[in-house]
Amino acid sequence: MSLRSFLFGSVASYASVVVYYMVTDKKALPESSSKLESASKSILTHGIPDRGPNIQVYDNHVLSYDQAKKTPIWVAERITREHVNGPADRKNIRFKPDPDVPTRFSADNSDYLRSGWSRGHMSPAGDNKYSQEAMSQSFYLSNIVPQNLDNNAGFWNRLEIYCRDLTQRYNAVTIFSGPLSLPSPIEDGKLVVTYPVIGKNQVAVPTHLYKIIIVEDKNSKPIGIGSFIVPNKPIGFEHALTEYQVPLDEVERKTGVTFTPKLDTSGLRDLCEIDSCKLMQKGDFDSYFIGRRLKSANNRQTLEKAWKELDAKKITPTQYHIDVYKQKMEEFKNNERNKSEE
DNA sequence: CGGTAGTCCGTG
DNA sequence: CACGGACTACCG
């Protein structure tokens, strides 16, 4: 164990004790720490067993990591319009093990490669458009879980886009995301938990993913909350987000996590009542990522190709499509002209 | 936006 | 010769 992770773990667990102490018994803190001190001399004479840092902090997300499953337990963000807009892009970033996770407790890329499961961000890259560094940190495998590819690129992607869209209507959006391994019935009706593990590090493949969304008004006061548990499998456009809505309490019981100890969430409105909870539908979604492809085209050929997709999918070009196409085409023509002048 | 995979090429 | 990084092509 590194000194750094020891200190980090100690500080973090001290912090959580403090929170607990504030909301419960004022004597809890001194008593429990002196008990531990005493146990360290009687029972835990070889040291206090260490599950790693309780909390790990990055530029734009915070997470708690599971050293056994090699995935996060929860990942927290609090995003605004400023975070989700900017020049940062994923082009030159690669997934990599988190330098702050000990190698023997970490996944690596080979675990995911040809495993049949994709690398799904919990704090999405797109929530870090303001900072290339923050976006790079989101590609640490501590922020990644094995996710069905279609789910990742489809339903979950649309949920993430919805969260970013919320920043246009609310001051800030707090999001907790993570994996779940939920029980399912076997022949005799009994419940069992089973999940695959992938790669030499046996990264746990979750059966479900959860997302908790809290929105704030102009005064940064929390006003709405929505909690969702989504199966880790393909989910088509015929399914609405609200089908997967659950009470916060359900996510907390299943994760064992109290997400907002300082916030009485019973005072909050249902997010899906104050906002739509409507995800992008097929036509808009196709249109959206064709727009992204136009935007990221770096030569005339790929630009033309993306443009032709609009016709192939019978999508009427939006003004955005047209503007991006024209601007890019102009840029490429200038490049060609400059080259021929050399 | 969210991803995978094939190919080329340098390295130990 | 196997492996890993970089670059390209591709898909929903």
Validation row: A:Ser123, A:Ile175 side chains within 4.5 angstrom (heavy atoms): no

Member of A:Phe176, A:Phe228, A:Phe259, A:Trp74 meeting the ring-ring contact (aromatic ring centres under 6.0 Å, His included) criterion with A:Tyr210: A:Phe259

When A:Val192, A:Leu191, A:Thr194 are each screened for side chain to side chain contact (heavy atoms under 4.5 Å, CB included) with A:Pro183, the one that passes is A:Leu191

Give one of base, sugar-phosphate or nothing for [X], where a contact means two heavy atoms less than 4.0 Å apart.
{"X": "A:Lys91", "answer": "nothing"}
{"X": "A:Gly291", "answer": "nothing"}
{"X": "A:Glu160", "answer": "sugar-phosphate"}
{"X": "A:Ile161", "answer": "nothing"}

Could you please spell out the steps behind the ring-ring contact (aromatic ring centres under 6.0 Å, His included) verdict for A:Phe95 and A:His121? CA-CA 10 Å; A:Phe95 292 97; A:His121 283 77; 5.3 Å; yes

Please determine whether salt bridge (charged side-chain N to carboxylate O under 4.0 Å, His left out) holds for the pair A:Lys221 and A:Glu216, giving the CA-CA distance in whole Å, both sets of side-chain angles, and the decisive distance to 0.1 Å. CA-CA 5 Å; A:Lys221 180 173 173 273; A:Glu216 296 173 19; over 6 Å; no

Around atom NZ of A:Lys314, are there more than 12 heavy atoms of other residues, nucleotides or ligands at under 6.0 Å?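 No, because the 6.0 Å sphere around NZ of A:Lys314 holds 12 heavy atoms or fewer from other groups.
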
Could you list the protein-to-nucleotides 1-4 of chain C atom pairs, N/O on both sides, closer than 3.5 Å?
none

Of A:Tyr112 and A:Arg292, the one whose closest DNA chain B nucleotide lies more 5':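 The answer here is A:Arg292.
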
Return whichever of A:Asp89 or A:Ser115 has its heavy-atom-nearest nucleotide of DNA chain B closer to the 5' end. A:Asp89

Heavy-atom closest pair (A:Arg253 atom, A:Asp249 atom, distance to 0.1 Å) is NE-OD2, 2.5 Å

Return yes if some donor-acceptor pair links the side-chain N/O of [X] with the main-chain N/O of [Y] below 3.5 Å, else return no.
{"X": "A:Ser276", "Y": "A:Cys272", "result": "no"}
{"X": "A:Thr302", "Y": "A:Asn299", "result": "yes"}
{"X": "A:Arg269", "Y": "A:Ile223", "result": "no"}

Separation between OG of A:Ser142 and CD of A:Gln137, rounded to the nearest 0.5 Å: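 Here the interatomic distance stands at 9.5 Å.
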
Let me have a per-nucleotide readout for nucleotides 7-12 of chain C, 5' to 3', with B, S or -, counting only protein heavy atoms under 4.0 Å. ---SBB

Students should find this one: the first and last nucleotides of DNA chain B, 5' to 3', lying under 4.0 Å from a heavy atom of chain A. What are they?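 Footprint of chain A along DNA chain B, 5' to 3': B:dC1 to B:dG6.
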
